[in-house]
Amino acid sequence: MSGPGAIVVLTGAGISAESGIDTFRDKGGIWERHRIEDVATPEAFARDPAAVHVFYNDRRRQLVGGDVRPNAAHHALARLETSWPDEVFVVTQNIDDLHERAGSRNLIHMHGELCKARGARCGVVIARDEDLTVETPCTSCGTSGALRPHVVWFGEMPLELERTYAALGSCALFVAIGTSGNVYPAAGFVTEARQAGHAHTVELNLEPSAGETLFAERHYGRASEVVPAFVERLLASETIEGSGT
């Protein structure tokens, strides 16, 4: 591989927590207050779409109408994308739009996007930052009640995995930020990067994840501190040290 090497960054809830986004799995997180089976499965939407819409409308209002802003970690990754002489590819488990607001462009939301809706019948994906209800008509096919949040629910396949695995197989550096290491397939990305691409692997997290021993390099602390510091060191050297083996 010529050049300094491509970078794949995986981000999870920990990168957005400092921006005011509720986490899902931490103590006091969303899944302690809501049953997954009631709000985050295709079966829940089929059984009670109004309740599911209320749940995601609340999440969307927090993102759109509140004081939520990208933090220093989001901005550091956007800077890395524009300044690194090779490809920087961000794969996020988050459904917020804070990476985009910070300036990241080479990005996949593997679990969907809160500010978009999907036609359950026609499959069209549209921008939507307003509330959804069972009466909201699809702007493509016109069917009322056919719009659902553009979110990957439990039991559904994450988005664009083929593109993600292709990037993992050829990257020189894999960085996981703010992830628990408990949710698959994302939790397996570090192993994929090491075995397929022999990448150097780095964990940046508030505390060690479930997969901490799989990473060659680990730094712990607030995302708004450890991510900008890591990006600064990386850009200063423009080299990727270490090996995934």
Side-chain angles (χ1 to χ4, degrees), residues 9-13 15-16 19-25 29-31 33-66 68-70 74 89-167 179 183-186 189:
V9 181
L10 170 69
T11 66
I15 197 172
S16 294
S19 293
I21 299 290
D22 290 339
T23 60
F24 284 85
R25 295 179 177 275
I30 291 173
W31 295 145
R33 308 193 302 271
H34 300 273
R35 282 173 22 104
I36 289 171
E37 297 86 349
D38 293 337
V39 295
T41 67
E43 293 79 14
F45 189 67
R47 182 173 60 250
D48 192 349
V52 174
H53 280 313
V54 167
F55 174 78
Y56 286 101
N57 287 341
D58 288 344
R59 311 277 83 69
R60 193 181 300 106
R61 286 194 210 108
Q62 180 196 30
L63 180 62
V64 174
V68 172
R69 300 288 185 275
H74 297 102
F89 178 44
V90 176
V91 183
T92 185
Q93 297 170 280
N94 300 334
I95 59 176
D96 62 63
D97 63 353
L98 298 184
H99 282 300
E100 289 91 337
R101 290 199 219 171
S104 291
R105 294 294 176 262
N106 192 20
L107 174 70
I108 282 179
H109 284 270
M110 63 181 296
H111 292 160
E113 299 176 65
L114 189 56
C115 289
K116 291 184 179 179
R118 187 192 321 159
R121 295 185 181 177
C122 64
V124 69
V125 176
I126 61 172
R128 178 82 184 192
D129 59 9
E130 299 174 341
D131 285 0
L132 290 170
T133 71
V134 292
E135 289 83 23
T136 305
C138 175
T139 57
S140 177
C141 65
T143 305
S144 295
L147 281 180
R148 55 163 281 182
H150 182 52
V151 173
V152 174
W153 287 323
F154 287 86
E156 296 181 327
M157 186 67 67
L159 305 176
E160 298 196 59
L161 284 179
E162 185 175 349
R163 181 183 169 200
T164 298
Y165 281 116
T179 63
V183 181
Y184 284 84
F189 287 175

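The basis for the numbers below is simple: all heavy atoms, side chains too, and nothing from hydrogens, waters or symmetry mates. None of the values given here were measured: they were computed from a predicted structure.
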[atom2] on [Y] to [atom1] on [X], rounded to 0.5 Å:
X	Y	atom1	atom2	value
Ile108	Thr92	CD1	OG1	11.0 Å
Leu147	Cys122	CG	SG	7.5 Å
His74	Arg69	NE2	CZ	13.0 Å
Asn57	Leu132	CG	CG	6.0 Å

Answer yes or no: is there a side-chain heavy-atom contact under 4.5 Å between [X] and [Y]?
X	Y	result
Asn94	Ile21	no
Ile36	Thr41	yes
Asp38	Arg47	yes
Met110	Thr164	no
His109	Ile95	no

Looking at every heavy atom in both [X] and [Y], which two are closest together, and how far apart are they?
X	Y	value
Pro185	Pro158	CD-CG, 3.7 Å
Gly119	Cys138	CA-SG, 4.5 Å
Val68	Gln62	CG2-O, 3.4 Å
Ala186	Leu10	O-CD2, 3.7 Å

Run the side chain to side chain contact (heavy atoms under 4.5 Å, CB included) check on Leu63 and Leu98 step by step: do they pass?
-> CA-CA 9 Å; Leu63 180 62; Leu98 298 184; 4.2 Å; yes
Do the side chain of Ser16 and the main chain of Ala13 share a donor and acceptor less than 3.5 angstrom apart?
->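 Here the side-chain-to-backbone pair does not exist.
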Could you please spell out the steps behind the side chain to side chain contact (heavy atoms under 4.5 Å, CB included) verdict for Thr179 and Gln93?
-> CA-CA 9 Å; Thr179 63; Gln93 297 170 280; 3.3 Å; yes
Near Arg121 CZ, under 6.0 Å, is it more than 12 heavy atoms from other residues, nucleotides or ligands?
->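 No, the 6.0 Å shell around CZ holds no more than 12 heavy atoms from other groups.
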Does anything in residues 145-159 pair up under side chain to side chain donor-acceptor pair (under 3.5 Å), and if so which pairs, sequence neighbours excluded?
->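 Listed by first then second residue: Tyr56-Trp153, Arg118-His150, Arg148-Glu156.
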Please lay out, stage by stage, how Ile15 and His99 fare under the test side chain to side chain contact (heavy atoms under 4.5 Å, CB included).
-> CA-CA 10 Å; Ile15 197 172; His99 282 300; 4.0 Å; yes
Side chains of residues 124-131: which donor-acceptor partners sit under 3.5 Å, not counting sequence neighbours?
residue, atom, partner, partner atom, Å
Arg128, NE, Glu130, O, 3.4
Arg128, NE, Asp131, O, 3.4
Arg128, NH2, Asp131, O, 2.7
Asp131, OD1, Arg61, NE, 3.4
Asp131, OD2, Arg61, NE, 3.4
Asp131, OD2, Arg61, NH2, 2.7

